[in-house]
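Please read all numbers here as calculations on a predicted model, not as lab measurements. To find a chain, count down the sequence lines: A is the first, B the second, and so on, and within it residues start at 1.
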2 protein chains.
Amino acid sequence: MVHHQFAALGDPTRLAIVERLARGPAPVGSLPVPTAMSLPAVLKHVRVLEEAGLVSTVKRGRVRECRLRDDALVAVAEWTAHQQALWSARLDALGTLLEET
Amino acid sequence: MVHHQFAALGDPTRLAIVERLARGPAPVGSLPVPTAMSLPAVLKHVRVLEEAGLVSTVKRGRVRECRLRDDALVAVAEWTAHQQALWSARLDALGTLLEET
DNA sequence: CTGATGGTGAACCACGTGGTTAACTGTTGC
DNA sequence: GCAACAGTTAACCACGTGGTTCACCATCAG
């Protein structure tokens with residue numbers, strides 16, 4: 001069900017969060033969101049990313065720390081590479097077919 | 001602006017369409033959509049995929065043929081690989097740091 | 001203890017998205 | 001020429017999503 005990951009990454013705010021988290025873990029309050037965005041909104045985005053398996057969070061004290069879950073990103077990369085491989089294989093086949101004639 | 005691609009792939013119907021098109025071009029009318037889905041709905045999805053640069057279409061006669069645009073898929077793959085690389089590099093650095101102590 | 005900090009939950013709202021039906025256009029086959 | 005076919009446009013609708021505010025809880029610093 002890889003479309004959940006894609007949907008989660010489809011929002012610019014969430015994409016920015018993931019890009020930030022690729023540089024290392026961060027608490028919810030210091031995520032790179034549009035300047036005047038309320039905390040509940042940020043939290044919602046984090047929940048979505050968690051739901052999609054892209055992010056995992058732990059609460060230590062009163063701060064919730066978010067970190068990137070590498071495996072979900074791998075799944076996305078694999079899906080994409082696979083489709084691309086299928087398509088370019090087809091293009092190659094077409095190419096050699098044209099050469100033979 | 002890679003989040004448009006992600007958003008386009010975030011819908012299961014559209015994802016299925018892309019997976020189909022990776023096996024080769026197809027007319028709008030024979031795309032793998034949920035059985036009772038109306039044609040206008042399919043067309044909308046195709047438009048979204050076109051807008052995101054994932055698909056290109058040409059109309060020959062009365063049939064519009066859709067084909068996968070390989071480069072957009074490459075962009076997606078590159079973004080994903082990049083983030084993943086950043087994250088795993090950080091993990092590696094952490095690992096060697098722990099070894100040194 | 002107390003106040004400030006960081007996060008949560010609930011209720012609410014505007015708007016985009018995914019879908020429909022109906023009517024119409026351009027092509028193709030006979 | 002006519003009927004069937006493939007797509008297209010327009011108008012419309014239900015619902016999910018992204019956002020808000022307000023009230024609240026838990027934790028840390030002084």
Requested in this report: Taking the side chain as every heavy atom from C-beta outward, state whether A:Glu50 and A:Arg47 have any pair of such atoms under 4.5 Å apart.
Outcome: yes

Query raised in the report: So what does A:Ala7 touch, heavy atoms closer than 4.0 Å: a base, only the sugar-phosphate, or nothing?
Result: nothing

Query raised in the report: Can you check the A:Met37 CE to D:dT21 C1' distance for me, whole Å?
Result: 15 Å

Query raised in the report: Is there a side-chain contact between A:Pro25 and B:Arg90, using heavy atoms and a 4.5 Å cut-off?
Result: yes

**Report entry** Sugar-phosphate, base or nothing in reach of A:Pro27, heavy atoms under 4.0 Å
**Finding:** sugar-phosphate

Query raised in the report: Any side-chain donor paired with an acceptor under 3.5 Å for B:Ser56 and B:Arg69?
Result: no

Query raised in the report: For DNA chain D, whose closest nucleotide is more 5', that of B:Lys59 or that of A:Thr13?
Result: B:Lys59

Query raised in the report: When all nucleic acid strands are considered with a 4.0 Å heavy-atom cut-off, which category describes A:Arg14: base, sugar-phosphate, or nothing?
Result: sugar-phosphate

Query raised in the report: Just the endpoints, please: which first and last nucleotides of DNA chain C, 5' to 3', lie under 4.0 Å from a heavy atom of chain A?
Result: C:dA4 to C:dG9

Requested in this report: Assign A:Arg60 to base, sugar-phosphate, or nothing according to its heavy-atom contacts below 4.0 angstrom with the strands shown.
Outcome: nothing

Query raised in the report: Taking for each residue the nucleotide of DNA chain D bearing the nearest heavy atom, is the 5' side occupied by A:Gly61 or by A:Pro34?
Result: A:Pro34

Report task. Find out whether A:Trp79 and B:Val76 are in side-chain contact, i.e. whether some heavy atom of one side chain is under 4.5 Å from a heavy atom of the other. Result -> no

Requested in this report: Please check the phosphate of D:dT20 (OP1 and OP2 only) for any side-chain N or O of A:Ser38 closer than 4.0 Å.
Outcome: yes

Query raised in the report: Which nucleotide, D:dT8, D:dG19, D:dC22, lies nearest any side-chain atom of A:Ala41?
Result: D:dG19

Query raised in the report: Residues two or more places apart in sequence or in another chain: which of them pass side chain to side chain contact (heavy atoms under 4.5 Å, CB included) with B:Ala7?
Result: none

**Report entry** Interatomic distance where CG belongs to A:Leu43 and P belongs to D:dC25 [whole Å]
**Finding:** 17 Å

Query - Distance test, side-chain N/O of A:Arg62 to OP1/OP2 of D:dC25, below 4.0 Å - result: no

Report task. State plainly whether one hydrophobic cluster holds both A:Leu43 and A:Val48, where clusters connect Ile, Leu, Val, Met, Phe, Trp and Tyr through side-chain heavy atoms under 4.5 angstrom apart. Result -> no

Query raised in the report: For B:Lys44, which contact category applies under a 4.0 Å heavy-atom criterion: base, sugar-phosphate, or nothing?
Result: base

Requested in this report: Would you indicate whether the side-chain heavy atoms of B:Leu68 and A:Leu86 approach each other to under 4.5 Å?
Outcome: no

